[in-house]
Structure formats: C-alpha cells, structure tokens
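Structure record follows, encoded as structure tokens.
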Protein chains: 2
Amino acid sequence: MSSFGSYVRERRERLKASDATFSVRQLAVRIGVEPSFLSKVERGETPPPSEEKVKALAIELGEDPDVLLALAGKVSSDLQEAIRKRPELFAAVIRELKDVPDQAVLRIVREVRDGKW
Amino acid sequence: MSSFGSYVRERRERLKASDATFSVRQLAVRIGVEPSFLSKVERGETPPPSEEKVKALAIELGEDPDVLLALAGKVSSDLQEAIRKRPELFAAVIRELKDVPDQAVLRIVREVRDGKW
DNA sequence: GACAGCGTGTACTAAGTAGTATACACTACA
DNA sequence: TGTAGTGTATACTACTTAGTACACGCTGTC
C-alpha cells in the first residue's frame, strides 16, 4: 500500500524520458544512497528513506518536500520542532483547522502575513 | 539533558506526597510498563517511552498530553496525521505562525471557531 | 564482441526503539 | 521478626530504521 514508491518511480520515469540522468543509478548517487536501495524504495520493498533523503529526492524531482514527506508518512522536523516549542498552542491550532476548508485556512494565513491581526 | 524524566519524577513525587498509589511501581502498572522501566525513564537512563505510554502517563499525572509529548520530543500522531493529509496547507500555516505571539495566534483561532472567516 | 550503463536480487549490519523479567537491598510496620 | 511494599541494577530480547556491498543478467552501441 506504499504509494510513496510508485509516486517516485512515476515521477522519475517521466523526467528520465527527457533527461537520461534520471536513471535509478544516477539519481540514487545524487541523493546519496545506493542504487539498489532506491530501486527497492521505488518498488515498495523497503519503507521510505529518511527525512533527509526524501527531501533531497523532492528537490531532484521538482516536488514539494512537505508533500513527498507526507507520502512517506513523515512530517518535516522543522514543523515538529515548532509544535514542540508551543505544544498547547499548535495542538489547538491544528485541531481547530483540521476540518476547515483550504480556502478559509489560506485566507487566515494571508491575513497573518499581511499583519491584519 | 533529558528533562522529560525529571519532570515526570517531580510530578509523580508531588502526587505521591498525598497519594501513596503514585509509587513508581503502582504508577508503572497503571500505565502498562514494568516498574524498572519507569524508574529508568524517570532517571533519564532510557529515552522516553512510546507515545501511547506518554499519553497514559500524562492522564495519570493530570498533565496535558501534548505538553508531555513535547518534553518527550514527540508530536501526537493525530496532529501528524492532520498535517500529512494536507501537507502544503499545514506547512504554510505552521511556518507562518511559528514566530507569531501566542495572543495573536489564539485570536485567529477564536475567530475561526466563531466563523468570522 | 567487449564495454558502459541499466535495474535488481541477495546478504548483511550497526544503531535505535521499546520494552520484559528477575533479583537485590532497603524501609515501615504489625 | 517476618512480610509487604519501595526503588533500582542487571541481563536480555524482538522489532524497526536505514541503509551498504556486491553480484547478476539484460540492453544498446562502437
């Protein structure tokens, strides 16, 4: 059920069509793992790699690191750290916004950025 | 450096002063671990236990589970799941609110709750 | 027909996670 | 003085994480 692997494979194959350096071997070297390991990851034979490697993979594939981490079942450590620094606050925020539609949440974010609070 | 253990120990000792059932042994049984393990955790000889045990501990000690999890270096799995379901959105929210003072964040959350968005 | 490059199968490992089980020494108390 | 309860030391274990190292067979090409 690991959609992470097939997602990466699909994305990589697409890029490989127009750029031969997106072979398993070469991409693996670029993100700092052994080719056989990336191969196993793509086929879901092994769980997704560490946060660091997933982020490197995201950058190579031109994907959003947070999205790829999510597919890997992870949450970026900088987000976790922000939550751990003010656990009550962020727990409240996240649980409150959990079921609020994207549009509404984005409006809030924009207002914060514009200093309208 | 593990503040988690000493924090738990202090809370437990405080409760034990007026309730003898807050011994290492009895509390350990209530949260579902061996007494020797809780002892080691409190002395920082072993890293904090699993999320499940930390939550049980928080409830027994009358503490906020999210706060105790934060001390354990963890983030509640339900929060992680919420983030993983909409990674771009929540990554934006958290990074945007990271340096915003509590007061302001709380006001925003209240406005959301009151449907002022 | 050799050589480069490809994807993958197999075997292995070092470190971390999350504890259990048992025994020991000490204190209170009846 | 025995026994109930306390905290802890020691030894051990099963599972997971996060990979490496190497070899194999296939394909294209020069």
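Naming: A, B, ... by sequence-line order, numbering from 1 per chain.
Annotation: the span from A/L97 atom CG to B/I108 atom CD1 amounts to 9.5 Å, rounded to 0.5 Å.
For A/R107 and A/E111, the salt-bridge test fails: no basic side-chain N is under 4.0 Å from an acidic carboxylate O. With respect to A/K55 and A/E51, a salt bridge is recorded, a charged nitrogen being found less than 4.0 Å from a carboxylate O. Salt-bridge formation is detected for the pair B/E60/B/R30: a Lys NZ or Arg NE/NH1/NH2 atom is positioned less than 4.0 Å from an Asp or Glu carboxylate oxygen.
The side chain of B/Q26 lies closest to D/dG5, out of D/dT8, D/dA9, D/dG5. For B/V24, whose side chain is taken as the heavy atoms from C-beta onward, the closest listed nucleotide among D/dT6, C/dT8, D/dG7 is D/dG7.
Annotation: cation-pi geometry not satisfied between A/R11 and A/F22 (NZ/CZ under 6.0 angstrom from ring centroid, within 45° of ring axis).
If you take CZ of A/R9 and P of C/dG7, they are 8 Å apart, rounded to a whole angstrom. Computed from coordinates, the A/E42 CD to C/dG9 C1' distance equals 16 Å when rounded to whole Å. Remark: C1' of C/dC6 and CG of A/L27 are 14 Å apart, rounded to the nearest angstrom. Going from atom CD of B/E45 over to atom C1' of C/dA18 covers 15 Å, rounded to whole Å. When rounded to the nearest whole Å, the span between CG of A/L38 and P of C/dG5 equals 18 Å.
A heavy-atom distance below 4.0 Å to DNA chain D is reached by these residues of residues 10-18 of chain B, ordered by number: B/R12, B/K16.
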- [ ] Using a 4.0 Å cut-off on protein heavy atoms (strictly under), produce a 5'-to-3' string for nucleotides 15-23 of chain D with B for base contact, S for backbone-only sugar-phosphate contact, and - for none.
- [x] ---SBBBB-

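Heavy-atom contacts from other residues, nucleotides or ligands closer than 6.0 Å to CZ of B/R14 number 12 or fewer. The environment of B/E52 atom CD is sparse: at most 12 non-hydrogen atoms of other residues, nucleotides or ligands sit within 6.0 angstrom.
In this model, the phosphate group of D/dG7 is not approached by any side-chain N or O of B/R43 to a distance below 4.0 Å at OP1 or OP2.
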TODO: Might you work through the side-chain contact (heavy atoms from CB on, under 4.5 Å) test for B/L27 and B/L57, ending with a clear yes or no?
DONE: CA-CA 8 Å; B/L27 181 56; B/L57 206 42; 4.0 Å; yes

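Here the closest heavy-atom approach between residue A/I31 and residue A/K53 is recorded as O-CD, 3.6 Å.
With A/D66 as reference, B/R95 is the one residue of B/R84, B/R95, B/R86 to meet the side-chain hydrogen bond (donor to acceptor under 3.5 Å, both in side chains) rule.
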Review item, nucleotides 27-30 of chain D N/O atoms under 3.5 Å of protein N/O:
none

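In the hydrophobic clustering of ILVMFWY residues, with side-chain heavy atoms under 4.5 Å counting as a link, A/L15 and A/F4 come out together.
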